[in-house]
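Residue numbers begin at 1 in each chain, while the letters A, B, ... track the order of the sequences.
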Amino acid sequence: MTSDIFFPRILHGGDYNPEQWPEEVWSEDVRLMRLAHVNVATLPVFGWVSLQPEEDTYTFEWLDRVIEKLTAGGVGLCLATATASVPAWMDQKYPDILRVDVHGVQQRHGNRHTFCPNSPNFRRLSTNLARRMAERYGSHPGLLVWHVSNEYGNTCYCDQCAAAFRLWLQDRYGSLEETNRRWNTTFWGHTYTDWSQIEPPTTNGERSMQSLLIDYDRFQSESLLNCYKAERDVLKAITPHIPVTTNLMGPCKPTDYHKWAKEMDLISWDSYPQRGATPADIAFNHSLMRGCKEGLPWMLMEQTPSQQNWQPYNALKRPGVMRLWSYQAMAHGANAVMYFQWRRSRGACEKYHGAVVEHAGRSDARVFQEVATLGAELEALGANTLGARVQSAAAVLFDWDNWWAVEYSSGPSVDLKYIAQTQSYYAALHDLGIVADIVSPEADLSQYKLIVAPVLYMVKPGVAERLEAYVQAGGVLVTTYFSGIVDETDLVTLGGYPGPLRKLLGIWAEEIDVLSPQESNTIRFEADSSISDCGMLCDLIHSEGATVLARYERDFYAGMPAVTVNEFGSGKAYYLATALAASGLRAFLQTVLGEAQIQLPLGARPPSGVEVTELSLPSGEAFVYVLNHNNAGVSVALPAGTFQELITGEETQGVLELTPYGVAILQEI
Amino acid sequence: MTSDIFFPRILHGGDYNPEQWPEEVWSEDVRLMRLAHVNVATLPVFGWVSLQPEEDTYTFEWLDRVIEKLTAGGVGLCLATATASVPAWMDQKYPDILRVDVHGVQQRHGNRHTFCPNSPNFRRLSTNLARRMAERYGSHPGLLVWHVSNEYGNTCYCDQCAAAFRLWLQDRYGSLEETNRRWNTTFWGHTYTDWSQIEPPTTNGERSMQSLLIDYDRFQSESLLNCYKAERDVLKAITPHIPVTTNLMGPCKPTDYHKWAKEMDLISWDSYPQRGATPADIAFNHSLMRGCKEGLPWMLMEQTPSQQNWQPYNALKRPGVMRLWSYQAMAHGANAVMYFQWRRSRGACEKYHGAVVEHAGRSDARVFQEVATLGAELEALGANTLGARVQSAAAVLFDWDNWWAVEYSSGPSVDLKYIAQTQSYYAALHDLGIVADIVSPEADLSQYKLIVAPVLYMVKPGVAERLEAYVQAGGVLVTTYFSGIVDETDLVTLGGYPGPLRKLLGIWAEEIDVLSPQESNTIRFEADSSISDCGMLCDLIHSEGATVLARYERDFYAGMPAVTVNEFGSGKAYYLATALAASGLRAFLQTVLGEAQIQLPLGARPPSGVEVTELSLPSGEAFVYVLNHNNAGVSVALPAGTFQELITGEETQGVLELTPYGVAILQEI
Amino acid sequence: MTSDIFFPRILHGGDYNPEQWPEEVWSEDVRLMRLAHVNVATLPVFGWVSLQPEEDTYTFEWLDRVIEKLTAGGVGLCLATATASVPAWMDQKYPDILRVDVHGVQQRHGNRHTFCPNSPNFRRLSTNLARRMAERYGSHPGLLVWHVSNEYGNTCYCDQCAAAFRLWLQDRYGSLEETNRRWNTTFWGHTYTDWSQIEPPTTNGERSMQSLLIDYDRFQSESLLNCYKAERDVLKAITPHIPVTTNLMGPCKPTDYHKWAKEMDLISWDSYPQRGATPADIAFNHSLMRGCKEGLPWMLMEQTPSQQNWQPYNALKRPGVMRLWSYQAMAHGANAVMYFQWRRSRGACEKYHGAVVEHAGRSDARVFQEVATLGAELEALGANTLGARVQSAAAVLFDWDNWWAVEYSSGPSVDLKYIAQTQSYYAALHDLGIVADIVSPEADLSQYKLIVAPVLYMVKPGVAERLEAYVQAGGVLVTTYFSGIVDETDLVTLGGYPGPLRKLLGIWAEEIDVLSPQESNTIRFEADSSISDCGMLCDLIHSEGATVLARYERDFYAGMPAVTVNEFGSGKAYYLATALAASGLRAFLQTVLGEAQIQLPLGARPPSGVEVTELSLPSGEAFVYVLNHNNAGVSVALPAGTFQELITGEETQGVLELTPYGVAILQEI
């Protein structure tokens, strides 16, 4: 694709499963879609068995009719390749398709995500279906985008995977000797003397070698990606100009989306905030997802219009919250607002998952009305904002390999969870008014004034050099405890932590102390004598050139450095030797923001619970989204100038008044 | 059987396992039984291997001798078919007998309940033994009742069961198309195209289709019941006039006792209250068990005389408690008070389970003395109360299918547990002095003035019509949140909750909000402005004719109805849209009791901790049991008149004084 | 061995894994070892695959070179047989080596401890390697001790084990009839009619017969021990004068170390205190380990110099703590202070486990310096204390069979954990200044004035008689609730608890009440009216001659005896019918210590947190270790006389001043 603009309008719609309903319902659906200003339907995600009830029989006719009804009604197509759910006959006929779980148990037919990504039969049959879909519907004028499979995320430990893994390793390391070396297999006498001795790490097998575990995750992520790519290639061969995506799932551990995004025309993802999620938690996922593809506009492929069914307590979204969260997605660059699902199923495991059309089927229901109102608003907004990208001067680094490695680590602390750690830094910035990007260590760092790299435990080749170059050129870097420890195969860099980051940071970490959740220490900043609680990990560091900003107050390492900064070239590199309490972290980052000379979107930190993002078009046209996450009205001070609010069309200046859960999209006039 | 009177006396005795002891102990046992006024022994429950040590060898002689000793000592026989425990040689010779668990793992020999209910070998060998038992002992004058197997409750997921399940489905639904339709298999593309694709729902298989899970439970309950029926048929062919039972286990999830009871001459069950069980909890189980067979007199087949062994903390029953709970069973219609077991085992896993004769073997022990004293009392009571049935004007509905369906439901709340929910309504009535019946929705409802149907989620065919007819004729119905949602295959009734109950209740539920245990709302009753806390689920309902009795006080649905009543014919139908706190529920039900014009047994609500039940004979003769569950004396006001207390024979009037844990059986003179 | 002195000096060193490092590191290692005063290295524990990369290929040359470097540098050899970690090629070639876990799942290659102890191939291949090691290095002058395998502790449930178990049973019980009788298999009809029906107790098999479970544990412990013995025999045949050990693990449940110790020349063990371990907890393990071999000097084979990696929170050992705990081991009789491991691994699962040489590789690091300082101290101490044994007048009984039996028991209380129970009595004595021995009931009891036998549930043949003889001769015995219940096959001794101890204790226990953690009772001592809380179990006992010292205060057994003493011959036998709160237990034992006329090491109870032990040589020469476990200085009053402190060489009298975590070794002049 050559443009940032994939669609002629903001997409509004969602998953549609007509095969669950008698044909007479289809017309009613189209009538209701028009009422709800729906302009896109995703289908047929789970239609495989309905399209191919046996290997040599195809029944596309029903889908033809559905598609005609939809497009006649003005509803465009997000066309699924329909390969997400393997038909029962297929599992029965080709049992090699059934995956083996981490306990070594082969799965039987059922549920979802049951295919082995290295099954040749699955690869053959899924690409065949994708090809037939493309051949049949590729030239349909209603076709907007391809939706390959659905929520990839399964892993497999079968013999097919074992064989493929060995080839993958041979390709990666060249020799068994090198594999042994990189995995440090001499530990506990685990040296392999033949490739055939390497097995998938089932729970009754080898789980004590972290390098093996990490490589197996890499291999499985790639194996799944190969499934996607096989279908994608088939689609592209037939419909080269139709964008292809697959719906991602936020911080999904088995799939390294930084690699996946390279193969996708645009990101789409499914946002299902957990109960109790904060605005920053939701924003974190949006930042992570858009950051996988340099902020290119993306699709909110799924969200529930009302409630979920698979959380312990599935509360309703309060009135206005679905609208707020839809605009929050747009504030992060979404050009599509879509729901799972259009019509609530009558039976099976998601019948208590919310839908636009509930079991009652009424268009006067609260949920339907909220959807329809939002649909009308989006329609009115038009195409002006399409293609805009978020502008942020700050980025948080995120890396799937690092995630795997940190959490496989045996020691030092069970509380060291990568997502929670990364979220805490992102959230502190969010509280300060900064909606950071979240990017790979391999992204272009030069566009940022501030980079925060929490727990950068694994430093892959080139990353230390890239960070050095970034700081050298004037960038500000913040990194933390448990950084710079291992290389890309989880081998410790000898000579002193933080290994390859030592020169940049100007410190040496001699030991790592661990505090339980009941324990804490305090640090004192030298500049203003302010103190902060800290805990979890306490690195015992020595300066090798860095300036000490704060020191520990207690325990046998009282007086040792706890926060340092190293002038490096034109920039600065900060090191946090311990996890600060939220208030202390916020205060520290406030100072760092000043050092990095970062401007806030509306020129000042917004009121609590208000999120502000800036987007701009290649033309330079800019938009400011202001989102009130509070269930109470709030006033937001605006900078000088006059703004048009794009939803209402009204002009405003001075102070922006937002209703509870209210939203404004401002454009300076 | 044609009469309510099965036995010539109140049975007093218990499980006896003579095969565990040398023959010289048997004579001592009979001597002690006479001391303890024991008149029945259950045996040989686990005697299979002792009676048939190899397939073609039988060794009944030892049992002959035991039986002669017992009956010579005046001890009658509750004769087990001895098929509860499969011999080791049989599992070894016929491995198809060994069941496969829910994880797909075939069990090895050991423990109990290890047979597959669809194993042809088990069916053949168990009925063979039952036949031999009946042939050998069927005409013994000491024989009182047959005890088939023991505590049925195992489930199996083997290939034999898979094959039988497919036949069961074909019989139930006629075609695969109909099965697909009823299970809504189009969801997630799970459509079956051949019967052979349907497999038992092991944990590595299909667990996402609730309809399959529910049907598999139905099938397994029936499969086990078929084992019982096969033995029962053999016994009945030889001893048609001897009653046949099997010991049930209260709310045992795998076995739909409403179906089982139809095949049993009388109910017997094993009462083992959990630590901390309230009087209402114990009463709940008695009501549930007797309600399976229209209140027909039943047997308390097992209880521990002192303590258990399989709970985390196995406290002793305090002095008087075993006697109290024995009379409580009789207050609920029991005509037999029996123990597990007579003599405490020397070894294996129940050696710390209490027994009448403890390891010390002494008749001067507290436990033995309490048993003997109770035996003497029961002997003195004579046969006057035999055959009496509990009279209650109120019933709580209970349904196994509904239990399964509610708890398989994915969403809305993990706290929605059917037993706990049902118990909370039963307990509120119990607190108010009403010992309700607990009956199937298919029972004769016309005898009741009040029916409470908590969480009547699944409405099976005819049930809505039966409830309508009941209310039409003047009955009072109370039902709740999460009622009227699905049909008998867990398909949602479209058009609005509570589906088929909507007309009767005069409401429409638009949405269901879910509160976590930390959250609550309050409701206010319009009549008296009283308020009650509420939570868990909050239906957002609209009246379609019902009168609103109470409304929510908080959240975005403040002001919406929370409690409604609909006049329907001559009766009233109440709907509770949310789970009330205990005090609020009690106050609400107090009002409803008044509306239903229900009289309390002694004319007034008894003191706290005192349970009162009324029983009567077909002759009209009536008895009132008054049970003091408090460890303190209590005075109970009596209505006008003079009563004879049947245990002491004393006359009383005005006020009845009960000792701690004391009991009275009153008969008006 | 004929002497208590195994080594020419206090050993100081630890595990060394040179195969993980390039050869150039080896020289650096030896240089650093000299700096650290290291005089012993344990190797090559995990070297199997490095020594035998295929079945017929041996590569000892690298080990030759390492050994030459070490011994040239003055480092002696603790030579491992290298059989701890089965090579991958071996598991692949002989899959019968791979063990089957308790769930019946065969393990795949990986981790540690994966061999089946009854695998003939493992037995053949491991003894072959041991023989080659002995042949090659047996006459090396640097060889100090053999280290067989490593941390034995795996169990297996495979078919090989099943077959061996049946032979073991035939040998133990002679006939199947006797096996049935001892296991009480008539319970639940579990009688075996053929040996082949007996299977290992996998979780999908027979877990309801405690006797089977206990016997399977005995069998597995012996099976593993047979692996050890097979290697030991090979070594002894070649190097009869070199002591042989294997490193034990404190209270390791699968291995009955009382049986193991008989086959070992000296005890060695690996001490890894859990987070939050008290001084008494650590001391408990040392007492248990040395008590396995009558207090013979032993080796602290492993401890971490800094932190661990496999606990949830792996805090650093504070400065001085590693030294303190090293001397604590010596205070309990250790003649070797060793570390795991010398150099921290670069990769795999223990890379965050502390080591003498950390990843930084620096000799100026805190950890290295503490090790080196201690090494210098030990070197200076010389050989004077070698061979000294702890002297204690009090012993706590401990028995592996009893441990298994108590914790397999179904009922009476889940809180009845044997280690925790035993620790509570040991800790109470420790608090009172007594560092007790911990010995088997089969040890020589005559050397003690006080024996505490907590929860002596299983009384094996001869034990009751031995305890009677001990008390008869003037000893003081304390035993408790849940004692004297079963024989060695878990069959209850009939006639009244505490069965075979009844005569000695002069009591009869009629019932056992169980209290939950939320419940308690109190007892009142008659002598001084002091009261103590009590709980968990409350035996309801009757005196049959014993004097009642305390009675219950509450519940229906108020007034019944709770603590009794029986004069028996010249001694006294105490019975605690319930678990006392810590303060009450301490007060009770204080009185008992007086009765037993036990002298404290320095004549008085030491300050809180100070541990004092007395050791003496056969020559009569005595040493007193004084250990300050407080992180604060403390003064300890000394008896009259002048003492030399052996570490500093200084003389002291009157009051001993100890620094935080300070240590003194006193010898009276």
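With a 4.5 Å cut-off on non-hydrogen atoms, Trp89(A) touches chain B through its backbone and its side chain both. Residue contact with chain B, scored on non-hydrogen atoms closer than 4.5 Å, is absent for Gln308(A). Proximity to chain B is limited to the side chain of Arg344(A), based on heavy atoms less than 4.5 angstrom apart. If you measure heavy-atom distances from Asn17(A) to chain B, you find no contacts under 4.5 Å at all. Only the side chain of Leu540(B) comes within contact range of chain A, judged by heavy atoms closer than 4.5 Å. Looking at Phe556(B), only its side chain comes within 4.5 Å of chain A, counting heavy atoms on both sides.
Note that CD of Gln106(A) and CG of Asn204(B) are 9.0 Å apart. Values are rounded to the nearest 0.5 Å. Atom-to-atom distance recorded for Asp415(B):CG and Tyr313(A):OH is 3.0 Å, nearest 0.5 angstrom. In this structure, the separation between CD1 on Ile512(B) and CD on Glu358(A) is 9.5 Å, given to the nearest 0.5 Å.
The backbone N or O of Cys349(A) lies less than 3.5 Å from no partner atom in the side chain of Ser208(B), so there is not a single donor-acceptor pair.
Contact tally against chain B (heavy-atom pairs below 4.5 Å) for Arg366(A), Glu19(A), His353(A), Gln307(A): the top residue is Arg366(A).
Side-chain contact of Gln92(A) with Ser196(B): a donor-acceptor pair under 3.5 Å is present, judged by distance alone.
The two atoms that bring Ser85(A) and His190(B) nearest to each other are OG-CD2, 3.9 Å, heavy atoms only.
Taking the six-membered ring where the residue is Trp, Tyr192(B) and His109(A) present perpendicular rings, their angle passing 60° and hence far from 30°.
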